[in-house]
Amino acid sequence: MFGNGYARELAVTARLRDAIAAKGKSATPLRATARLQTLAKVADVEGHLGSTQGLLNEDVIDIFNEIADLLDISGANPFRIRAYRNAARTISAMTEDLRSFLTRGCDPADLPGIGRDLAGKIQEIADTGTCALLRQVRDEVPGQGAALMKLAGLGPRRVRALQRELHIASVDDLGRAAREHRVRLLKGFGARSEQRLLQAIQAQMDRNRRFNVDVAVRTAAPLMQHLRENAKIAAMTVAGSLRRGRDTVGDLDIVATSAVPRTVIRALTAYPMAQTVLSAGVTRASVMLSNGMQVDLRVVPAADYGAAMVYLTGSKAHNLALRQLAQSMGLKINEYGVFRGRSKIAGQDEASVYAAVGLPWIPPELREDTGEIQAARDGRLPRLVGREDIKGDLHIHTRDSDGLASLEEMVQAAGKLGLQYLAITDHSPRMGMTHGLGAQRLAVQAERIDALNGVGGMPWILKSVEVDILEDGSLDLPDTVLGRLDLVVGAIHSHFDLSPAKQTARILRAIDHPHFSILAHPSGRLLGERDGCRFDVPRVMTALAERGCFVEANSQPSRLDLWDSACRMAREHGVLVSIASDAHRVADLDNLPLGLTQARRGWLEADDVLNARELPELRRLLRRTM
DNA sequence: GCCGTTTTCGGCCCGACTGTTTTCAGTCG
């Protein structure tokens, strides 16, 4: 998915910064990024942004993971295997382009989990595009071992057995063998595992499907209600990626506490939407719902609830780091609590678990092992922006273009939500299908806004427009028209597939426009439908900062654009973020928390958020000085 | 293969569930 893959191309993470600082080297990401941008400015734009940017990171991640899978199948030292996986994870947490990292003279061996050997392999991949060890292990493990490993239910041992005994090289081979009932003849396999493998092959074909967060919420709510009504539950919460606020959700993780766990397990397996029961034990069960979403349920005693919540909220990387920290203190963390020897010292609530390892409670949105544990240790955790900090909404449509409610209805609804101000941002003329507004209709709208503002008792209405950024970077309305507005929100709605160089130049030109205020949904991605456009994000952030402009975190569940790491990059560049609903109807105003969550995942505090400002301060900030 | 409040060797996160076994290995989260 665009958000995850592309996020890897962005700037230096705090984890990286911490790791380098811990090793006694000084490296401020801002300075590093600035240097990079200087290089970019002098370089030929097309050349700089050509085919290599970010691809090295992907290459190294793929190669290290494949080496790990193949070593696993060949029965290598498990800790050597883990080293490759850890290194791949470190690279995927990097948001700077690895090639520019090397160009700047930085040493990958300074990164956590990467030593001299793997640093050498990274350099080898940078130089040659591949790695001798990969070729070697591919020779030793013939066939598509790595592809087989990705099937649910197949690990290294069983892949090895399939390859050795049945000469199965590919997923297709496996499907054939399973249908011919040859797999069940192997030791350790039976008719049931044969059936499951066929299901796994089918599931893999259906997969790569993650759910937008609104779908996940709409799936979770009735399920939770069903469980409450049909089982004796003392407390229950959704954990996993939904609780961490990921932009998309793969499955639902639910943790519940009950004196009679069996009732909860039974209630889940009896849920009408549960199509297949994948597993059901005494304390844990998994089902596949009819909409294709998997639910993993864990039932624990009240005394273990906090530990189970930490465990099931994850991320896996965060939990690993937490356990290692515990271990270094002579403690053990599992889903039942924190233990010193046999005695349990914490676990009832999450705060006690963190406190046991000397940390303050860490908000779920930060639990990705991207520097939050070190920040918590140092007392540097951000005070994340909350719903109560949001004073207004700077991206709202009305019936005048493609909205479904009138200006008056949107303003009243914003007032009911306690907002102090809102910006009306209907589309510009180029967006023909949205009935976009030209100069004349904008002037009429402005009169109605003046009249409403004159009445008072409602949120202050700012005059604005969502002006189309045309292919060449010019704006879809004349200067004279834009100059009369309180702010100008600019967005791309076409030509998403320009080369990164052209896309970057297009956006930079738009930002240069004297009346430009906020870059809205910058990538234009539609989750699960359309990848976003590709552009040089650090460069655009730098330009926004230099011009006194802002960037939007769009709250539509199918957009969530900016994504988390780009929000973090905005903060690092000193660009204030407008967390906006992009509402086209009254109900859409309630989407604001979704964008807010991405902002929180990007470590944003209230000070980093444009619409956390009071109106007078907002007005001051909107006055362009450059 | 990495790493050091166990510091250049000897460790490396932890437990539930499934299927195939008949006491447990393999897989998964």
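Atom set for the values below is all heavy atoms of this structure, side chains included, hydrogens, waters and symmetry mates excluded. Chain letters run A, B, ... following the sequence lines, proteins first, then strands; residues in each count from 1.
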- Please give, in whole Å, the distance from B:dC14 C1' to A:Y336 OH? 10 Å
- Message: Check A:R176 with A:D172, please: is the shortest side-chain N to carboxylate O separation under 4.0 Å?
- Response: no
- Item | Length of the line joining A:R157:CZ and B:dT18:C1', which is rounded to integer Å | 17 Å
- Task: Check whether any side-chain N or O of A:R196 sits under 4.0 Å from OP1 or OP2 of B:dG19, and answer yes or no.
- Result: yes
- Message: Taking any heavy-atom pair under 4.0 Å as a contact, classify A:P78: base, sugar-phosphate, or nothing.
- Response: nothing
- Separation of B:dG1 P from A:D117 CG (nearest whole Å): 4 Å
- Message: Please list, in numerical order, the residues of residues 278-285 of chain A that have a heavy atom closer than 4.0 Å to any atom of DNA chain B.
- Response: A:S279, A:A280, A:G281, A:V282, A:T283, A:R284
- How would you label the contact of A:L312 with the nucleic acid (heavy atoms, under 4.0 Å): base, sugar-phosphate, or nothing? nothing
- Task: May I ask you to say what A:A191 touches in the nucleic acid, namely base, sugar-phosphate or nothing, with a heavy-atom cut-off under 4.0 Å?
- Result: sugar-phosphate
- Query: Under 4.0 Å between a side-chain N/O of A:K187 and OP1 or OP2 of B:dT21, yes or no?
  - Reply: no
- Query: Is the shortest distance from a Lys or Arg side-chain nitrogen in A:E140 or A:R135 to a carboxylate oxygen in the other one below 4.0 Å?
  - Reply: no
- Message: Tell me whether A:R601 is salt-bridged to A:E368, with the criterion being a basic N under 4.0 Å from an acidic carboxylate O.
- Response: yes
Please write out the pairs of protein N or O atoms and N or O atoms of nucleotides 6-9 of chain B separated by less than 3.5 Å, giving the distance to one decimal.
none

- Which is true for A:N77 with a 4.0 Å heavy-atom rule: it touches a base, it touches only sugar-phosphate, or it touches nothing? base
- Task: Tell me whether the guanidinium CZ or amine NZ of A:R85 lies under 6.0 angstrom from the six-membered ring centre of A:F64 and within 45° of its axis.
- Result: no
- Message: Using a heavy-atom cut-off of 4.0 Å across all strands, would you classify A:K332 as base, sugar-phosphate, or nothing?
- Response: sugar-phosphate
- Rounded distance (Å) that lies between atom P of B:dG29 and atom CG of A:D253: 10 Å
- Query: Going by number, which of residues 163-186 of chain A have a non-hydrogen atom under 4.0 Å from DNA chain B?
  - Reply: none
- Query: Between B:dC12 atom C1' and A:R80 atom CZ, what is the distance in whole Å?
  - Reply: 16 Å
- For B:dG26, the Watson-Crick or wobble counterpart (both distances under 3.5 Å): B:dC17
- Message: Without decimals, in angstroms, what is the distance between A:D69 CG and B:dT27 P?
- Response: 12 Å
- Whole angstrom value for the distance that separates C1' of B:dG26 from CE of A:M149: 12 Å
- Partner of A:Y305 by side chain to side chain contact (heavy atoms under 4.5 Å, CB included), out of A:D349, A:V255, A:V310: A:V255
- Before accepting this row, confirm whether a basic side-chain N of the pair A:K121/A:D117 lies closer than 4.0 Å to the acidic partner's carboxylate O. yes
- State whether A:S286 places a side-chain N or O below 4.0 Å from either non-bridging phosphate oxygen (OP1 or OP2) of B:dG29. no
- Message: Looking at A:D304 and A:K344, is there a salt bridge between them, counting it only when a charged N and a carboxylate O are closer than 4.0 Å?
- Response: yes
- Side-chain N or O of A:K121 less than 4.0 angstrom from OP1 or OP2 on B:dG1? yes
- Is the distance from OP1 or OP2 of B:dC28 to the nearest side-chain N or O of A:Y311 less than 4.0 Å? no
- Query: Can you check whether A:R192 has a side-chain N or O nearer than 4.0 Å to OP1 or OP2 of B:dG19?
  - Reply: yes
- Would you mind classifying the nucleic acid contact of A:F189 as base, sugar-phosphate or nothing, using non-hydrogen atoms under 4.0 angstrom? sugar-phosphate
